[in-house]
Peer 1: 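To start, I am sharing the structure in question, which I have written as structure tokens.
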There are 2 protein chains.
Amino acid sequence: MIKVAIVEDNEIINHSLKTLINNTEEFSCVGNYSNCEDMLEVIEEIMPHIMLMDIKLPGMNGIEGVKQVKVKLPSISILMLTVHEENDLIFDALCAGACGYLVKKTHPEKILEAIEEAYEGGAPMSSHIARKVTTFFQMDKKLSPDKTLLTPREHEILSELIKGKTYYAIAMTLNISPDTVRFHIKKIYKKLHVHSQAEAVAEAIKKGII
Amino acid sequence: MIKVAIVEDNEIINHSLKTLINNTEEFSCVGNYSNCEDMLEVIEEIMPHIMLMDIKLPGMNGIEGVKQVKVKLPSISILMLTVHEENDLIFDALCAGACGYLVKKTHPEKILEAIEEAYEGGAPMSSHIARKVTTFFQMDKKLSPDKTLLTPREHEILSELIKGKTYYAIAMTLNISPDTVRFHIKKIYKKLHVHSQAEAVAEAIKKGII
DNA sequence: AAAACAACTACACAATAGGGTAGTTTTATA
DNA sequence: TATAAAACTACCCTATTGTGTAGTTGTTTT
């Protein structure tokens with residue numbers, strides 16, 4: 001039996017979701033809460049598989065609620081409940097750890113389908129939200145890492161430096177003279193506007209060069 | 001008129017997609033290619049809005065193809081063509097810059113819907129793939145930065161080190177002795193199992209301590 | 001009250017790094 | 001075939017770092 005918990009301050013919606021869920025053979029509603037605070041107190045004992053969480057709640061909002069639930073129960077699947085497809089809030093919820101969402105006016109069968117989907121490891125969401133997510137994490141993968149800044153050799157040497165090697169050790173690895181290593185590192189420092197290994201590594205990682 | 005390009009080595013599929021697209025009023029097929037190499041040579045002149053790209057291609061594969069197309073035309077929407085929902089390949093394609101995918105055996109109307117969806121800024125994908133994406137980028141947000149590893153003072157000193165300061169400069173900033181700075185850094189190195197500033201910074205950033 | 005930890009200071013010493021200058025040799029590109 | 005860029009070597013010199021050892025002081029936990 002798949003255990004579902006509900007956090008929703010509108011009593012009518014809360015109750016009808018509970019009824020919907022308990023009328024199935026597959027799911028069972030194991031907790032109804034009208035706010036995050038009450039839910040967080042007992043959630044570790046209830047251990048639901050799925051949580052339906054309203055985004056807008058009195059007191060702690062749903063986004064913050066997701067974060068805190070995820071700390072206590074990292075493997076729970078949380079679906080956000082929203083009135084409209086308010087893009088930004090949903091996006092924030094996904095960042096916080098939600099796996100998808102349900103528009104409240106969705107037909108009951110579709111709601112159960114989405115819960116099922118979430119339980120099976122899916123992420124029910126519209127194509128538009130999905131695009132926001134993919135775009136966002138493609139951005140993450142470094143926007144214009146400026147591969148042209150450092151030459152291949154400089155890049156190579158920087159990579160060795162990050163491993164904690166000394167100039168001499170790098171020289172041995174690359175079969176060049178330690179003076180050459182020193183020379184390249186000097187140029188790297190100039191290009192990155194830094195003056196030490198620590199700063200160079202920090203800058204390189206920040207710029208996504210590594 | 002929305003311009004669509006196709007990269008697909010199976011001639012039958014390639015041709016039927018072209019026919020499908022050209023039989024609509026909304027879309028027009030402006031290019032058919034059986035491999036990435038041919039497509040990349042002319043893509044900047046064609047400038048399609050949407051590209052349908054097979055994942056498995058002779059020569060350069062679709063994933064690499066996506067990367068290169070995105071360099072030339074950053075705003076193009078690319079849908080991957082796949083036989084099955086081969087999770088990992090699709091995921092790699094999304095990382096590379098694709099916005100969604102089409103399973104080849106999908107009904108023609110659904111294919112056109114997906115193209116439409118992509119053009120309107122959506123990301124057509126199954127709920128399972130969507131979950132992989134959201135999970136992945138939640139992971140990115142640092143899992144358990146282990147704030148307990150370094151003491152507050154050690155953390156502070158590491159932060160100064162990243163700015164490129166010398167032991168002496170850090171000592172002045174924190175109003176402590178340079179020997180104390182040296183002492184703290186020794187302990188940081190032991191905790192992170194490193195032996196240089198460069199390695200410490202790299203490790204700290206990797207672990208999300210910074 | 002003892003133990004554990006954080007923060008601090010101190011001294012010594014060899015190894016390493018950072019910066020300057022000056023040049024050669026490939027390799028790619030106009 | 002110039003010319004530029006990358007890659008390389010070398011030497012000098014001082015500042016800084018990495019490591020060890022040895023201790024004090026104050027706070028928190030048991």
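Residue numbers begin at 1 in each chain, while the letters A, B, ... track the order of the sequences. Note that these values count all heavy atoms, side chains included, but never hydrogens, waters or copies made by symmetry.
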Peer 1: As a test of understanding, state which of H15(B), K104(B), K56(B) forms a side chain to side chain donor-acceptor pair (under 3.5 Å) with E8(B).
Peer 2: K104(B)
Peer 1: For the pair made of NZ in K190(A) and P in dG19(C), what is the distance, rounded to whole Å?
Peer 2: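 My rounded result for the distance is 9 Å.
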Peer 1: Out of dC8(D), dG19(C), dT19(D), which has the shortest distance to the side chain of H195(A)?
Peer 2: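 The listed nucleotide nearest to H195(A)'s side chain is dG19(C).
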Peer 1: Identify, with sequence neighbours excluded, every residue that meets salt bridge (charged side-chain N to carboxylate O under 4.0 Å, His left out) alongside E203(B).
Peer 2: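 Applying salt bridge (charged side-chain N to carboxylate O under 4.0 Å, His left out) to E203(B) gives K206(B), K207(B).
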Peer 1: Select from S196(B) and P152(B) the residue whose nearest nucleotide in DNA chain C is closer to the 5' end of that strand.
Peer 2: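 Counting from the 5' end, the first nearest nucleotide belongs to P152(B).
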Peer 1: Find the distance I188(A):CD1 to dA17(C):P and express it as a whole number of Å.
Peer 2: 13 Å
Peer 1: Residues in salt bridge (charged side-chain N to carboxylate O under 4.0 Å, His left out) with D179(A), at least two apart?
Peer 2: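 D179(A) satisfies salt bridge (charged side-chain N to carboxylate O under 4.0 Å, His left out) with R182(A) once adjacent residues are dropped.
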Peer 1: Taking the axis from the first five pairs and the axis from the last five, what angle separates them in the helix from dA1(C)-dT30(D) to dA30(C)-dT1(D), rounded to 10 degrees?
Peer 2: 70°
Peer 1: Can any side-chain N or O of S127(B) pair as donor or acceptor with the backbone N or O of A123(A) at less than 3.5 Å?
Peer 2: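 Side chain of S127(B) to backbone of A123(A): a pair is present.
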Peer 1: Can you check each nucleotide of nucleotides 24-30 of chain C against protein heavy atoms at under 4.0 Å and return B for base, S for sugar-phosphate only, - for none, in 5' to 3' order?
Peer 2: -------
Peer 1: Report yes if a side-chain nitrogen or oxygen of H184(A) is closer than 4.0 Å to either non-bridging phosphate oxygen (OP1 or OP2) of dA7(D); otherwise report no.
Peer 2: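 No, because none of the side-chain N or O atoms of H184(A) sits under 4.0 Å from OP1 or OP2 of dA7(D).
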Peer 1: Rounded to the Å, how far apart are I185(A) CD1 and dT9(D) P?
Peer 2: 14 Å
Peer 1: Show your reasoning for whether side chain to side chain contact (heavy atoms under 4.5 Å, CB included) applies to C36(B) and M53(B).
Peer 2: CA-CA 9 Å; C36(B) 287; M53(B) 166 106 76; 3.7 Å; yes
Peer 1: Identify, with sequence neighbours excluded, every residue that meets salt bridge (charged side-chain N to carboxylate O under 4.0 Å, His left out) alongside E156(A).
Peer 2: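 With neighbours one apart ignored, the set is R153(A).
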Peer 1: How many whole angstroms separate atom OH of Y189(B) from atom P of dA15(C)?
Peer 2: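 My rounded result for the distance is 18 Å.
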Peer 1: Which of residues 156-172 of chain B sit near DNA chain D, with a heavy atom under 4.0 Å from it?
Peer 2: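 Per residue number, the list reads T166(B), Y167(B).
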Peer 1: Considering residues at least two apart in sequence or located in another chain, which fulfil the ring pair (Phe, Tyr, Trp, His ring centres under 6.0 Å) criterion with Y119(B)?
Peer 2: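 For Y119(B) the ring pair (Phe, Tyr, Trp, His ring centres under 6.0 Å) partners, ignoring immediate neighbours, are H49(B).
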Peer 1: For D179(B) and dC11(C), what is the distance between atoms CG and P respectively, to the nearest whole Å?
Peer 2: 8 Å
Peer 1: Show the numbers, then the answer: is there a side chain to side chain contact (heavy atoms under 4.5 Å, CB included) between L79(B) and C99(B)?
Peer 2: CA-CA 6 Å; L79(B) 289 177; C99(B) 82; 4.0 Å; yes
Peer 1: Among residues two or more places apart or on two chains, list those pairs meeting salt bridge (charged side-chain N to carboxylate O under 4.0 Å, His left out) that have a residue in residues 34-52 of chain A.
Peer 2: E44(A)-K72(A)
Peer 1: Please evaluate residues M47(B) and L73(B) with respect to the criterion side chain to side chain contact (heavy atoms under 4.5 Å, CB included), reporting the C-alpha separation (whole Å), side-chain torsions for both, the decisive distance (0.1 Å), and the verdict.
Peer 2: CA-CA 7 Å; M47(B) 289 206 290; L73(B) 301 174; 4.1 Å; yes
Peer 1: Starting at the 5' end of DNA chain C, which residue's closest nucleotide do you reach first, Q197(B) or I176(B)?
Peer 2: I176(B)
Peer 1: Mind checking whether N14(B) and D54(B) have side chains closer than 4.5 Å, heavy atoms only?
Peer 2: no
Peer 1: For V66(B) and M80(B), what are the C-alpha separation, side-chain angles and deciding distance, and is it a side chain to side chain contact (heavy atoms under 4.5 Å, CB included)?
Peer 2: CA-CA 9 Å; V66(B) 167; M80(B) 304 312 288; 3.5 Å; yes
Peer 1: Could you work out, with salt bridge (charged side-chain N to carboxylate O under 4.0 Å, His left out) as the rule, every residue matching E64(B), not counting sequence neighbours?
Peer 2: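 With sequence neighbours excluded, E64(B) shows a salt bridge (charged side-chain N to carboxylate O under 4.0 Å, His left out) to K67(B), given in chain and number order.
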Peer 1: Round to a whole Å and report the spacing from NZ of K187(A) to C1' of dC8(D).
Peer 2: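 The answer, rounded to whole Å, is 11 Å.
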Peer 1: Below the 4.0 Å mark, does dT19(D) have OP1 or OP2 next to a side-chain nitrogen or oxygen of R182(B)?
Peer 2: no
Peer 1: Reckon T180(A) has a side-chain N or O less than 4.0 Å from the OP1 or OP2 of dT9(D)?
Peer 2: yes
Peer 1: Could you check how far NE2 of H193(A) sits from C1' of dG18(C), rounded to whole Å?
Peer 2: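 Distance check: H193(A) NE2 to dG18(C) C1' gives 17 Å.
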Peer 1: Can you give me the N/O atom pairs linking the protein to nucleotides 22-27 of chain D at distances under 3.5 Å, or say none if there are none?
Peer 2:
none

Peer 1: What integer distance in Å separates E154(B):CD from dC5(C):P?
Peer 2: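 Taking atom P of dC5(C) as the reference, CD of E154(B) is at 13 Å.
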Peer 1: Does anything in residues 190-210 of chain A form a ring pair (Phe, Tyr, Trp, His ring centres under 6.0 Å)? List the pairs, not counting sequence neighbours.
Peer 2: none
Peer 1: Please determine if a side-chain N or O atom of T151(B) lies less than 4.0 Å away from the OP1 or OP2 oxygen of dA7(C).
Peer 2: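 Yes, T151(B) has a side-chain N/O under 4.0 Å of OP1/OP2 on dA7(C).
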Peer 1: Tell me which donor-acceptor pairs under 3.5 Å the side chains of residues 160-167 of chain B have, and how far apart each pair is, sequence neighbours excluded?
Peer 2:
| unit_1 | atom_1 | unit_2 | atom_2 | d |
| --- | --- | --- | --- | --- |
| E160(B) | OE1 | K165(B) | NZ | 2.8 |
| E160(B) | OE2 | K163(B) | NZ | 3.2 |
| K165(B) | NZ | T173(B) | OG1 | 3.0 |
| T166(B) | OG1 | Y168(B) | N | 3.4 |
| T166(B) | OG1 | A169(B) | N | 3.1 |

